[in-house]
**Q** 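Can you keep this structure in mind? I'll have questions shortly.
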Protein chains: 2
Amino acid sequence: MATILIVDDEEDIRDLIAMNLQREAYDILEAADGLQAVKIARKKVPDLILLDLMLPEKDGYGVFQDLKSDSRTRDIPVIMLTARGKLDERITGLALGADDYVSKPFSPKELMLRIKNVLRRVQDYPAGALSENGDFKFDKNQLKFYLCGEEIDLTSTEFKLLLFLIESPNAPQERGDLLRRVWGYNDLIQTRTLDTHIKRLREKLGSHGSQIETIRSVGYQFNSNDQPST
Amino acid sequence: MATILIVDDEEDIRDLIAMNLQREAYDILEAADGLQAVKIARKKVPDLILLDLMLPEKDGYGVFQDLKSDSRTRDIPVIMLTARGKLDERITGLALGADDYVSKPFSPKELMLRIKNVLRRVQDYPAGALSENGDFKFDKNQLKFYLCGEEIDLTSTEFKLLLFLIESPNAPQERGDLLRRVWGYNDLIQTRTLDTHIKRLREKLGSHGSQIETIRSVGYQFNSNDQPST
DNA sequence: GAGACTTGTCACAATTGCGTCACATTGACC
DNA sequence: GGTCAATGTGACGCAATTGTGACAAGTCTC
């Protein structure tokens with residue numbers, strides 16, 4: 001379930017959003033002014049904040065800055081709502097770091113779409129969808145792999161193999177296990193396929209390729225560079 | 001002039017609407033049942049559809065679904081009319097994607113207001129109907145597509161396909177999902193239709209065609225050139 | 001009903017992933 | 001240092017996937 005904080009004093013917008021979203025099991029928090037919003041956001045961390053820039057008491061941008069300056073709320077995506085769709089306001093909002101920007105009047109459909117788009121980023125990544133180790137980062141949903149922030153194109157076999165190695169770092173993985181888990185081979189067959197793929201992986205990893213170590217007569221092992229937290 | 005399609009078999013409502021609206025230069029189309037409504041809507045694309053859920057022949061929701069599953073009418077705003085103002089019905093309607101919902105009995109003034117509200121969104125603020133990514137721009141109301149400001153003629157299938165890809169940029173869209181969302185295929189059927197349409201799209205996109213990337217054994221992905229706002 | 005347009009399917013070409021092989025290199029043990 | 005098994009490496013070929021052009025059926029327009 002996603003939690004959304006709505007910062008707005010107009011009831012109809014709250015109703016609209018509540019009606020559209022609650023059916024899909026969203027948890028709605030409400031706040032009529034800025035201070036309260038920041039307070040709620042810090043207490044129960046929402047997945048998304050819907051911020052109306054036309055607040056009665058406080059400047060919407062100020063609330064936004066407050067949220068962004070607190071580490072507990074800094075990384076929550078914010079969708080801004082404004083009465084006017086002026087370009088310079090839009091630019092200001094996006095420049096400040098808003099994730100999206102919707103001008104009133106808007107259709108329910110549009111708002112829902114934007115909310116879902118933003119939430120998709122959050123919800124598509126349930127715990128475990130991202131796997132990370134040092135400079136190695138996996139996006140298991142999108143089947144993408146990043147090395148030092150740069151996307152590296154891996155084939156699906158390479159992806160599975162590297163992921164399996166990295167999820168058990170600093171421990172040798174036996175050939176038989178690798179063949180079973182990555183290729184689905186159940187019999188202990190004799191094949192050089194594994195070695196060839198290790199080679200191709202090392203190539204694609206460049207200087208980091210050496211982190212895949214050969215354990216003679218056993219298999220392969222990924223050596224993490226991560227410092228164990230002391 | 002705005003064009004409104006009224007799907008209703010109660011003459012008084014039609015009269016009411018006609019009287020109120022024609023003075024302000026609206027074009028009224030009429031349909032007494034679902035099939036006819038869908039037919040008219042496809043032929044002469046209205047700006048707004050007023051759909052009575054209490055139809056004699058067909059289920060109003062069914063008509064709605066029909067309209068929404070056709071690319072030519074999918075993005076026309078729909079106001080639902082119902083005799084009952086139950087909240088769950090209202091929610092069902094809005095969840096399905098209706099733009100507004102009016103319960104009978106209603107005052108002419110209220111209905112006019114809602115009609116004008118919806119039309120204003122479409123006519124003055126087409127923002128919700130616009131989808132944009134880099135040089136790619138969609139007008140979902142007019143079903144038009146612009147590349148670098150120039151209109152490119154897309155068929156409705158091409159439009160749906162490209163829009164779906166672009167609304168989830170930089171992420172692979174699986175063949176199955178595309179076939180389901182664009183073609184409505186629910187079974188995992190084996191077809192080359194998708195590939196053929198991708199090819200036709202790439203052709204029409206010219207040098208930008210390469211932004212549609214093939215993800216082997218998975219599907220296709222649209223690569224955005226947009227810089228993420230920092 | 002003629003003609004233009006859209007769209008699904010097919011056959012064939014091009015591409016890509018991947019398993020295997022031959023040979024080179026390495027490392028353990030004598 | 002010699003020997004042998006295990007692994008590294010580059011090349012090759014098959015099979016699956018995708019690109020491409022043509023075609024025919026269906027739909028809409030006039």
Side-chain angles (χ1 to χ4, degrees), chain A residues 143 145 152-162 164-165 172-176 178-206 209-222, chain B residues 35 38-45 69-73 143-145 152-162 164-165 172-176 178-180 182-206 209-222:
Chain A
L143 300 180
F145 168 70
I152 299 223
D153 226 50
L154 297 184
T155 71
S156 60
T157 310
E158 289 163 355
F159 188 88
K160 275 189 279 188
L161 175 58
L162 184 56
F164 187 76
L165 285 172
Q173 303 300 314
E174 294 178 22
R175 294 182 71 91
L178 288 166
L179 287 170
R180 208 174 307 120
R181 296 288 294 271
V182 177
W183 278 267
Y185 293 167
N186 283 317
D187 322 307
L188 280 193
I189 63 167
Q190 141 92 32
T191 175
R192 303 296 315 284
T193 300
L194 173 57
D195 308 80
T196 303
H197 275 271
I198 289 286
K199 178 217 163 200
R200 287 170 183 155
L201 264 182
R202 283 174 173 153
E203 255 172 34
K204 289 194 178 179
L205 295 180
S210 56
Q211 282 181 251
I212 300 180
E213 189 186 349
T214 305
I215 311 294
R216 206 164 224 277
S217 310
V218 179
Y220 296 92
Q221 143 175 356
F222 174 78
Chain B
L35 287 178
V38 177
K39 228 168 168 178
I40 293 179
R42 282 177 189 165
K43 206 162 176 183
K44 174 157 190 180
V45 178
S69 61
D70 190 305
S71 64
R72 282 166 298 187
T73 56
L143 298 183
K144 285 183 178 174
F145 167 70
I152 298 217
D153 222 50
L154 297 184
T155 71
S156 64
T157 309
E158 288 162 357
F159 189 89
K160 275 191 278 189
L161 175 58
L162 184 56
F164 187 75
L165 285 172
Q173 303 300 312
E174 295 178 22
R175 294 183 72 92
L178 289 166
L179 288 171
R180 207 174 307 119
V182 177
W183 279 268
Y185 293 166
N186 284 317
D187 323 305
L188 280 192
I189 63 166
Q190 141 97 31
T191 176
R192 303 297 315 284
T193 300
L194 172 57
D195 308 80
T196 303
H197 276 269
I198 289 286
K199 179 214 164 202
R200 286 170 183 156
L201 263 182
R202 282 176 174 152
E203 257 173 33
K204 289 194 178 179
L205 295 181
S210 57
Q211 281 181 254
I212 301 179
E213 189 187 349
T214 306
I215 311 293
R216 198 159 234 269
S217 310
V218 178
Y220 295 92
Q221 144 176 353
F222 174 79

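All chains are named by letter (A, B, ...) in the order of the sequence lines, taking the proteins before the strands, and each is independently numbered beginning at 1. Values below: every heavy atom of this structure, side chains too, minus hydrogens, waters and symmetry copies.
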**Q** Looking only at side-chain atoms of Arg192(A), point me to the closest of dT20(D), dG19(C), dT9(D).
**A** dT9(D)
**Q** Looking only at side-chain N and O atoms, does Arg202(B) come under 4.0 Å of OP1 or OP2 in dT20(D)?
**A** no
**Q** Would you say dC18(C) has OP1 or OP2 under 4.0 Å from some side-chain N or O of Thr155(A)?
**A** yes
**Q** Output the rounded distance in Å from CG (Leu201(B)) to C1' (dT6(C)).
**A** 13 Å
**Q** Specify the separation, in whole Å, of atom CG of Asp195(A) and atom P of dA6(D).
**A** 11 Å
**Q** Tell me, do Leu161(A) and Leu154(A) make a side-chain contact under 4.5 Å, heavy atoms counted?
**A** no
**Q** Please give, in whole Å, the distance from dC18(C) P to Glu203(A) CD?
**A** 14 Å
**Q** Between P on dA22(D) and CZ on Arg200(B), what's the gap in Å once rounded to a whole number?
**A** 12 Å
**Q** Phosphate oxygens OP1/OP2 of dG17(C): is one of them under 4.0 Å from a side-chain N or O of Thr157(A)?
**A** no
**Q** Report the distance from atom CD1 of Ile198(A) to atom CZ of Arg202(A), rounding to the nearest 0.5 Å.
**A** 6.0 Å
**Q** Side chains of Thr191(A) and Trp183(A): does their closest heavy-atom pair fall under 4.5 Å?
**A** no
**Q** Which heavy-atom pair separates Lys204(B) from Ile152(B) by the least distance, and what is that distance?
**A** O-CD1, 3.5 Å
**Q** In this structure, how many angstroms lie between the P atom of dC18(C) and the CG atom of Leu179(A), rounded?
**A** 14 Å
**Q** With respect to the phosphate group of dC18(C), does any side-chain polar atom (N or O) of Trp183(A) fall under 4.0 Å of OP1 or OP2?
**A** no
**Q** Using a cut-off of less than 4.0 Å, is there contact between a side-chain N or O of Lys199(A) and OP1 or OP2 of dT7(D)?
**A** no
**Q** May I ask you to say what Thr196(B) touches in the nucleic acid, namely base, sugar-phosphate or nothing, with a heavy-atom cut-off under 4.0 Å?
**A** base
**Q** Would you say Tyr220(B) places a side-chain N or O within less than 4.0 Å of OP1 or OP2 belonging to dT17(D)?
**A** no
**Q** Leu162(B) versus Leu205(B): any side-chain heavy-atom pair under 4.5 Å?
**A** yes
**Q** Roughly how far, to the nearest 0.5 Å, is the CD atom of Glu213(B) from the CG atom of Asp153(A)?
**A** 6.5 Å
**Q** Check whether any side-chain nitrogen or oxygen of Arg175(B) sits under 4.0 Å from OP1 or OP2 of dT18(D), and answer yes or no.
**A** yes
**Q** In terms of side-chain heavy atoms of Thr214(A), which of dT20(C), dG21(D), dG8(D) is nearest?
**A** dG8(D)
**Q** Look at the side-chain N and O atoms of Thr193(B) and state whether any lies under 4.0 Å from the OP1 or OP2 oxygen of dT9(C).
**A** yes
**Q** Output the rounded distance in Å from CZ (Phe159(A)) to P (dC18(C)).
**A** 13 Å
**Q** Quickly work out the Ile198(B) CD1 to dT9(C) P distance and round it to whole Å.
**A** 16 Å
**Q** Closest-nucleotide mapping onto DNA chain C: is Glu158(B) or His197(A) further toward the 5' terminus? I mean the 5' end.
**A** Glu158(B)
**Q** Would one find a side-chain N or O of Ser156(A) under 4.0 angstrom from OP1 or OP2 of dC18(C)?
**A** yes
**Q** Given atom CD of Glu213(A) and atom C1' of dG8(D), what is their separation to the nearest angstrom?
**A** 15 Å
**Q** Regarding dT18(D), can its base be found pairing with the side chain of Arg216(B) as donor and acceptor, where the two atoms are less than 3.5 Å apart?
**A** no
